[in-house]
Amino acid sequence: MAIRVYNTLTRCKQEFVPREPGVVAMYVCGPTVYNHIHIGNARTFLTFDVIRRYLTFRGFDVRFVQNITDVDDKIIARANEEGRQPAEVAAEYTLAFQSAMDALGVLRPTVQPKATETIDDMIEMTGRLIERGHAYVVDGDVYFSVRSFPEYGKLSGRNIDDLESGARVDVDERKRDPLDFALWKSAKPGEPHWTSPWGEGRPGWHLECSVMSERELGLTFDIHGGASDLIFPHHENEIAQSEAATGEPFVRYWLHGGLLQVNQEKMSKSLGNFLLLRDVLERYSAPVVRLLMLQTHYRSPLDFSTERLDEAVRAYERLVTPVRNFNWAKRNRAVVELPEATASVIEALEAAPAAAREAFVEAMDDDFNTAGALAAIFDLVRVVNGFLESHGIGGNARYAARLEVASDTIAELLGVLGVAVLSQESDSQYPSEVLGLARDFAGYEGSDANAAVDALLAARAVARSERNWAAADGVRDGLAALGFVIEDTPSGARVSYRDRG
RNA sequence: GGCGACGUCGCCAAGUGGCAAGGCAGAGGCCUGCAAAGCCUUUAUCCCCGGUUCGAAUCCGGGCGUCGCCUCCA
């Protein structure tokens with residue numbers, strides 16, 4: 001079975017064939033580090049993290065490059081506002097970006113080049129473009145001439161004349177064409193600058209992706225990713241620069257993610273309607289945030305809200321419940337023997353993991369259809385839940401091996417999506433408030449939180465056997481107020497923590 | 001104004017020519033002392049109008065609506 005991807009350049013799904021069998025060279029535009037990233041940025045990085053993970057799962061050796069734009073107008077503006085050096089601002093938000101990505105469970109790139117560490121190559125490419133007649137110098141600035149590249153517009157499906165007729169004013173008389181863009185900008189006093197043949201200055205934004213991707217991956221590389229708002233002009237300009245400079249095709253497959261919206265409107269820093277990733281992660285776990293985003297295809301717009309995050313919390317609990325329930329049943333002998341499973345039920349349990357895996361791969365092979373892939377996992381979840389409900393792990397744990405395969409498959413497939421199965425067992429994480437509770441309900445006088453909870457559960461068990469529901473519910477309600485849920489299972493009471501009240 | 005997406009159950013969302021996945025919410029039932037979790041059952045003539053086809057949510061044409069890009073943006 002082949003993987004098919006939607007290529008923005010050809011506007012259709014195509015079979016994915018890397019230039020070198022078994023190896024994928026992939027580049028994703030990284031952030032400009034002038035602020036914390038918002039969840040719209042995070043969605044894009046998450047999308048390509050999942051694509052990378054899936055390609056790896058399918059046996060490819062993925063070389064994943066993502067740049068960091070650490071010199072830029074916005075960084076300079078921010079530094080001026082705060083009376084700091086631009087490099088200081090960039091360094092701070094580079095670290096913030098990396099730790100936010102770690103927290104979201106996004107794998108680190110194979111290589112993460114910085115613009116400021118690639119200046120020589122940028123000067124070199126700019127020089128080459130001038131030599132070849134694709135760029136010109138004006139007062140220390142260097143501009144790319146879009147009219148010199150006949151294929152300009154092929155990615156975004158536009159032509160230069162259409163663009164100009166609708167374009168809003170750009171009256172830089174020094175440019176030969178309004179659409180020409182800067183490869184090199186001369187430095188104003190106080191701005192970061194490097195020495196070039198055209199004077200002191202710094203590189204233009206579009207140039208760095210062309211340079212860093214070629215340097216790390218060579219042309220023609222396989223996948224270039226980014227959000228759809230980068231198609232024009234950023235990616236169009238990258239193509240123009242790289243292909244004009246080298247004569248080689250730049251990229252085989254262009255993949256673009258849909259934008260995240262709030263109240264039907266694009267989330268962006270310029271609109272000011274953004275939520276910072278790190279703020280969301282304070283309130284919701286990384287797997288929940290990932291799950292929410294993966295429930296929508298990566299190319300579709302995604303409306304973001306806390307209501308939807310709360311729904312994702314429930315969906316996540318549903319996904320991990322069979323794994324938790326199986327582990328619990330394995331560790332705790334059931335006091336009630338459940339009916340034996342029939343041969344056909346056992347057969348269904350045995351068949352389910354492979355069926356789920358097949359459906360998962362089929363969905364993901366089709367342009368990374370994560371929503372379909374999740375449906376395959378949910379189907380497996382239902383089979384495992386149903387089996388555990390009716391038969392448990394069986395006397396002498398005779399169904400345990402088959403259940404383990406199913407449980408492991410759930411965790412493995414979620415893992416391919418980077419959705420971790422977090423332990424919600426609350427061992428040794430009880431707050432000190434449980435001590436007071438244990439004193440009141442169980443006469444516990446010690447200071448060990450675990451022992452206190454054990455005493456509470458024991459007292460509740462006694463109360464229940466005496467049909468003293470008030471006392472039993474007092475224990476349950478008391479723990480609930482602290483965020484812990486008691487569930488009575490055939491193997492006894494289980495306590496787990498819920499991150500929502 | 002130009003270019004491009006999209007419109008599927010109360011909400012979210014797969015499916016792109018052959019019996020309409022999945023999640024959340026709701027209803028009924030089972031289980032429970034009551035819960036929680038879980039299981040079972042249940043909820044869609046796929047925005048509208050034409051056309052192509054044996055057959056259309058899916059293809060084509062026309063409406064209406066929403067969004068994005070055309071300026072920095074993930």
Side-chain angles (χ1 to χ4, degrees), chain A residues 8 11 13 28-32 34 37-48 72-74 77 153 156-159 161-170 179 205 225-234 236 256-261 264-271 274 291-292 295-297 299-303 305 307-308 310-319 321-322 324-325 328 359 363 366 369-379 381-382 384-390 463-465 467-469 472-473 476-477 480 485-490 493-494 496 498:
Chain A
T8 306
R11 288 174 191 73
K13 283 186 197 172
V28 175
C29 292
T32 300
Y34 69 100
I37 63 162
H38 62 62
I39 50 172
N41 306 122
R43 183 193 185 195
T44 299
F45 301 138
L46 174 58
T47 291
F48 290 99
D72 174 88
D73 291 349
K74 289 185 175 177
S156 53
R158 301 150 201 243
N159 66 63
D161 297 319
D162 281 349
L163 282 164
E164 286 183 358
S165 67
R168 282 158 253 187
V169 254
D170 182 287
L179 291 171
W205 175 47
S228 55
D229 58 353
L230 293 186
I231 294 172
F232 190 89
H234 184 53
E236 196 70 70
H256 288 101
L259 300 178
L260 189 136
Q261 311 182 334
Q264 317 290 330
E265 196 180 47
K266 174 184 173 182
M267 171 179 289
S268 77
K269 290 179 184 171
S270 26
L271 287 172
F274 57 88
L291 190 59
L292 166 61
Q295 281 180 304
T296 299
H297 186 93
R299 284 193 283 113
S300 299
L302 169 71
D303 211 54
S305 68
E307 289 74 18
R308 297 207 53 201
D310 291 333
E311 286 180 10
V313 169
R314 302 298 311 273
Y316 177 68
E317 284 173 358
R318 179 166 172 76
L319 282 171
T321 289
R324 298 175 55 223
N325 284 351
W328 171 263
D366 182 12
N369 181 353
T370 52
L374 283 168
I377 303 176
F378 277 110
D379 286 340
V381 162
R382 186 182 316 104
V384 175
N385 280 338
F387 193 96
L388 280 170
E389 167 80 9
S390 306
R464 292 183 72 210
S465 69
R467 307 180 66 79
N468 182 354
W469 310 129
D473 292 349
R476 189 171 62 196
D477 295 345
V485 177
I486 294 182
E487 296 167 277
D488 292 313
T489 76
R494 171 172 61 173
S496 53
R498 296 290 160 77

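Letters A, B, ... are given to chains in the order of the sequence lines, protein chains preceding strands, and every chain is numbered from 1.
Comparing B:C39, B:A36, B:A35 by their nearest atom to the side chain of A:R318 picks out B:C39. Closest contact between the side chain of A:T296 and the listed nucleotides B:A14, B:A25, B:A36 involves B:A14. The side chain of A:R464 lies closest to B:C34, out of B:C40, B:C34, B:G38. Listed candidates were B:G38, B:C72, B:A13. Nearest to the side chain of A:A371 is B:A13. Here the nucleotide nearest the side chain of A:D366, chosen from B:A21, B:G15, B:C40, is B:G15. The nucleotide whose nearest atom lies closest to any side-chain atom of A:A375 is, among B:A21, B:A74, B:G38, B:A21. In the set B:G15, B:A14, B:A74, B:A14 carries the atom at the smallest distance from any side-chain atom of A:H297. Side-chain proximity of A:D473 to the nucleotides B:A21, B:C34, B:U16 is greatest for B:C34. Residue A:E389 places its side chain closer to B:C39 than to any other of B:G22, B:C39, B:A74.
Base pairing of B:U42: its partner is B:G26, meeting the Watson-Crick or G-U wobble criterion (both donor-acceptor distances under 3.5 Å). B:U32 makes up no base pair with any nucleotide shown, lacking Watson-Crick or G-U wobble contacts both under 3.5 Å. As the counterpart of B:U52, no nucleotide is assigned, since no Watson-Crick or G-U wobble pattern has both distances under 3.5 Å. The partner of B:A21 is absent, by the rule that a Watson-Crick or G-U pair needs both atom distances under 3.5 Å. Across all strands shown, B:G1 forms a Watson-Crick or G-U wobble pair, both distances under 3.5 Å, with B:C70. Using Watson-Crick or G-U wobble geometry with both donor-acceptor distances under 3.5 Å, B:C6 finds its partner in B:G65. B:A57 is unpaired under the criterion used here, namely a Watson-Crick or G-U wobble arrangement in which both key atom distances are under 3.5 Å.
Both thresholds, 5.5 Å between centres and 30° between ring planes, are met by A:W469 relative to the base of B:G33, so the two rings are stacked.
At the heavy-atom level, A:L319 lies nowhere under 4.0 Å from the strands shown. Among the atoms of the strands shown, none is found under 4.0 Å from any heavy atom of A:L388. Within the 4.0 angstrom heavy-atom criterion, no nucleotide atom of any strand lies near A:E307. Residue-level contact check: A:S228 touches neither bases nor backbone, having no heavy atom under 4.0 Å from any strand. As judged by a 4.0 angstrom heavy-atom cut-off over every strand, A:D488 is placed among the base-contacting residues. Counting non-hydrogen atoms under 4.0 angstrom, A:G386 reaches the backbone sugars and phosphates but no base. Within 4.0 Å (heavy atoms only), A:T47 reaches no atom of the nucleic acid at all. Base engagement by A:H38 is indicated by at least one non-hydrogen atom pair under 4.0 Å involving a base atom.
Across A:I37 and A:P31, no two heavy atoms sit closer than the pair CG2-CB, 4.3 Å. Closest approach of A:P322 to A:R318, counting heavy atoms only: CD-O, 3.3 Å. Summarising the geometry of A:Q295 relative to A:A315, their closest heavy-atom pair is NE2-CB, 4.2 Å, with the distance given to 0.1 Å.
Distance noted for atom C1' between B:C40 and B:U45: 28 Å (whole Å). Nucleotides B:G65 and B:A27 place their P atoms 37 Å apart, quoted to the nearest Å. Rounded to whole Å, the C1' atom of B:C19 lies 15 Å from the corresponding atom of B:U58. Taking the P atom of each, B:A74 and B:A14 are spaced 24 Å apart, rounded to whole Å. Taking atom C1' in both B:C67 and B:C31, the straight-line distance is 47 Å, to the nearest Å. As rounded to the nearest Å, B:C3 and B:A25 have P atoms that lie 45 Å from one another. Rounded to the nearest Å, the gap between the C1' atom of B:C64 and that of B:C47 is 8 Å. Taking atom C1' on both nucleotides, B:U66 is separated from B:C48 by 15 Å, rounded to a whole Å.
You'll find the side chain of A:T296 reaches within 4.5 Å of the side chain of A:R43, heavy atoms only. Looking at A:K13 and A:D366, their side chains come closer than 4.5 Å, going by heavy atoms from C-beta outward. A:R494 has its side chain within reach of A:R324: a pair of non-hydrogen atoms, C-beta onward, lies under 4.5 Å apart.
In this structure, A:N369 reaches the B:G15 phosphate: one of its side-chain N or O atoms is under 4.0 Å from OP1 or OP2. Taking only side-chain nitrogens and oxygens, A:K266 never comes nearer than 4.0 Å to OP1 or OP2 of B:A74. Distances shown here put every side-chain N or O of A:S390 at or beyond 4.0 Å from the OP1 or OP2 atom of B:C30.
To the nearest angstrom, P of B:A25 lies 14 Å from CZ of A:R308. Atom CD1 in A:I39 sits roughly 12 Å away from atom C1' in B:A74 (whole-Å rounding). Taking atom CG on A:L230 and atom C1' on B:G68, their separation rounds to 13 Å, with Å as the unit. A:D303 has its CG atom 11 Å from the P atom of B:G68, to the nearest Å.
To the nearest 0.5 Å, atom OG of residue A:S268 and atom CG of residue A:N41 are 9.5 Å apart. Put simply, CG on A:D303 and CZ on A:R308 are 7.5 Å apart, with the number rounded to the nearest 0.5 Å. Summarising the geometry, atom NZ belonging to A:K266 is positioned 11.5 Å from atom CG belonging to A:L260; distances are rounded to the nearest 0.5 Å.
Take the nearest nucleotide of RNA chain B for A:A312 and for A:E487: the residue whose nucleotide is more 5' is A:A312. Nearest-nucleotide positions on RNA chain B place A:V485 closer to the 5' end than the other of A:V381 and A:V485.
Contact of A:R476 with B:C34 (side chain to base): a donor-acceptor pair of N or O atoms is detected under 3.5 Å. For B:G22, the base has no donor-acceptor partner in the side chain of A:D379 [N/O atoms by modelled type, under 3.5 angstrom].
Atom CZ of A:R467 sits in a sparse spot, with 12 or fewer heavy atoms from other residues, nucleotides or ligands closer than 6.0 Å.
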Could I get a table of every N or O pair under 3.5 Å where one atom is in the protein and the other is in nucleotides 3-10 of chain B?
residue	atom	partner	partner atom	Å
B:C3	O2'	A:G157	O	3.3

